[in-house]
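Computed from heavy atoms alone, side chains included, the values below leave out hydrogens, waters and symmetry copies. Counting begins at 1 with the first residue of the sequence.
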Amino acid sequence: MTATPVEASSASQAVMDLEREYLLQNYARYPLVLRRGKGAYVYDLDGKRYLDFIAGIGVNALGHAHPRIVKLIRQQAALLIHCSNLYYHEYQGALAKKLAEVSGLQRTFFCNSGTEAMEGALKMARAHGNKIDSAKIEIISVENSFHGRTLGALSITGQPKYRKDFEPLLAGVKFVPKGDADALEAAVSERTAGIVLELIQGEGGIFPVSAEYARKARELADRHNALLVFDEIQCGVGRPGTYFAYQLSKPMVLPDVMVVAKPLACGLPLGAIVANEKAAAAIGLGMHGSTFGGSALACRVALEFFDILDELLPSIERVGGYFRSALGELARKHSFVKEVRGHGLMLGIDLEVPGKQIVLDAMAQGLLINCTHDTVLRFLPPYIITEKEVDVALKTISKLFAKL
């Protein structure tokens, strides 16, 4: 119990050294080697416990080793893990039905990740536009957005730092300032195939989009027969306290296409494109596919996840409100805090100082968070947390802020 994340034990150092020798060096990892998790906590090789308020960047929505998920994985792994999409299995149809019921959309395609889902959505928008006019190819995206790291998803990511090393990228992409409805209207035309929005920008610094802006995007998509695509990879599937972030709007703004991934299968790779009939009709036989997407194991886990999520939604809203209120009180005590943003259990504190050292200091104190956009502390805790865990996290954050 003596080692800290910034002073790795010899066992941890050996793991890190092995990775440095043999792995592609594309990750700036924190100096922490995790062995196991239980509930809202994870443990390193030396047995030190950490409260996990980043949850695998929003993936481990039910925390770690949830008993119902562990039991189900054991059962299904002994029956059928994967059979490819050459054949049917029992769980894709059932999961697609559940997604239709909770989303208000009709048809689903299963893949493995958020960026794959976005690639498929872009193909859907392009195919839809192509059937109307071969010049209808443009995609409108928002500055400061993040949609994934494959070439297509990267092409519509509104942060130049992610795009610059891989240009030229997909042609026909226009970026508009976030929240500027007039700029959005000026950018959309008869050449527009799709408009892509994150309802809460995640990597961009936890910035919610207003309901008015989303409604304007819906209106413009209808006017120009383009597809409205909502990226709910980080901000959806329960995290805002509703099934999806677009359901926060009153009245609700329904997209033509929605992409989801992170928490869907509780740590197993699973993403999905969920679309209305108009958008789904753009993809015909043989136009898109996935070898691994929608495996029996991942889909069955996702069905169990939704069963549990139905029970958790009220507490996500309640605990998220409690957390945000407490962060607001903390912000009022410290002049270097600019703003607290987010919904449900997707929250961020925007600082006037860099956040990297705060993240490392929190880790040393047994709390895992991360920092995006250099100054925004991001919190994506598992949905199972209570006010008790929030109080533990707040105590650590308060202590670190007091030192600043």
Side-chain angles (χ1 to χ4, degrees), residues 1-23 27-74 77 234 238-239 262-269 297-298 301 304-305 308-309 312 315-316 319 323 345-347 355-372 377-400:
M1 299 286 289
T2 56
T4 69
V6 290
E7 296 176 358
S9 67
S10 58
S12 296
Q13 193 61 53
V15 171
M16 292 186 281
D17 288 346
L18 194 64
E19 286 208 1
R20 289 190 185 104
E21 186 173 357
Y22 291 105
L23 262 65
Y27 293 119
R29 296 195 202 274
Y30 296 118
L32 172 62
V33 181
L34 298 175
R35 169 168 280 165
R36 66 182 182 93
K38 183 69 174 175
Y41 288 88
V42 289
Y43 298 79
D44 68 14
L45 294 185
D46 302 295
K48 181 174 178 178
R49 189 174 77 159
Y50 302 83
L51 181 57
D52 186 2
F53 263 45
I54 194 63
I57 318 181
V59 168
N60 301 314
L62 298 182
H64 303 273
H66 191 286
R68 285 172 60 177
I69 299 299
V70 170
K71 181 181 178 182
L72 185 142
I73 288 174
R74 284 174 174 157
Q234 186 171 143
R239 188 151 291 281
K262 287 184 182 295
L264 203 51
C266 304
L268 297 180
L297 180 62
V301 168
E304 189 75 3
F305 163 70
I308 299 166
L309 178 61
L312 284 175
S315 70
I316 293 171
V319 176
F323 192 14
L345 292 176
M346 182 178 183
L347 297 170
K356 182 179 179 181
Q357 189 59 47
I358 297 172
V359 171
L360 290 170
D361 291 343
M363 195 182 303
Q365 296 294 318
L367 173 66
L368 302 185
I369 58 176
N370 89 327
C371 179
T372 184
L377 299 181
R378 176 170 53 172
F379 306 97
L380 302 171
Y383 301 168
I384 58 168
I385 64 162
T386 65
E387 289 86 349
K388 179 182 176 183
E389 285 81 30
V390 169
D391 286 342
V392 172
L394 286 166
K395 185 177 180 181
T396 299
I397 298 161
S398 182
K399 189 187 302 182
L400 295 175

> Yes or no on side chain to side chain contact (heavy atoms under 4.5 Å, CB included) for I384 and I308, after CA distance, side-chain angles and deciding distance?
Replying inline: CA-CA 10 Å; I384 58 168; I308 299 166; 6.0 Å; no

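- Under the side chain to side chain donor-acceptor pair (under 3.5 Å) criterion, T386 pairs with E389, not counting sequence neighbours.
- Judged as a salt bridge (charged side-chain N to carboxylate O under 4.0 Å, His left out), and not counting sequence neighbours, R35 has no contacts.
- At least one donor-acceptor pair under 3.5 Å links the side chain of K48 to the backbone N or O of A364.
- Listed by first and then second residue, the side-chain hydrogen bond (donor to acceptor under 3.5 Å, both in side chains) pairs that reach into residues 57-68 are D52-H64, R68-E304, R68-D307, sequence neighbours excluded.
- A side-chain donor-acceptor contact under 3.5 Å links D44 to the backbone of D46.
- Among residues two or more places apart in sequence or in another chain, the ring-ring contact (aromatic ring centres under 6.0 Å, His included) test is passed with F53 by F323.
- Residues passing the salt bridge (charged side-chain N to carboxylate O under 4.0 Å, His left out) test with R74: none are found, sequence neighbours excluded.
- To the nearest 0.5 Å, the span separating CG on D361 from CG on L400 amounts to 5.5 Å.
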>> If you apply the rule side chain to side chain contact (heavy atoms under 4.5 Å, CB included), what do you find for I316 with R239, and how did you get there?
In response: CA-CA 7 Å; I316 293 171; R239 188 151 291 281; over 6 Å; no

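- Within the model, atoms CD1 of I369 and CG of L360 stand 10.0 Å from one another, a figure rounded to the nearest 0.5 Å.
- Take D17 and apply the salt bridge (charged side-chain N to carboxylate O under 4.0 Å, His left out) test, not counting sequence neighbours, and it matches R20.
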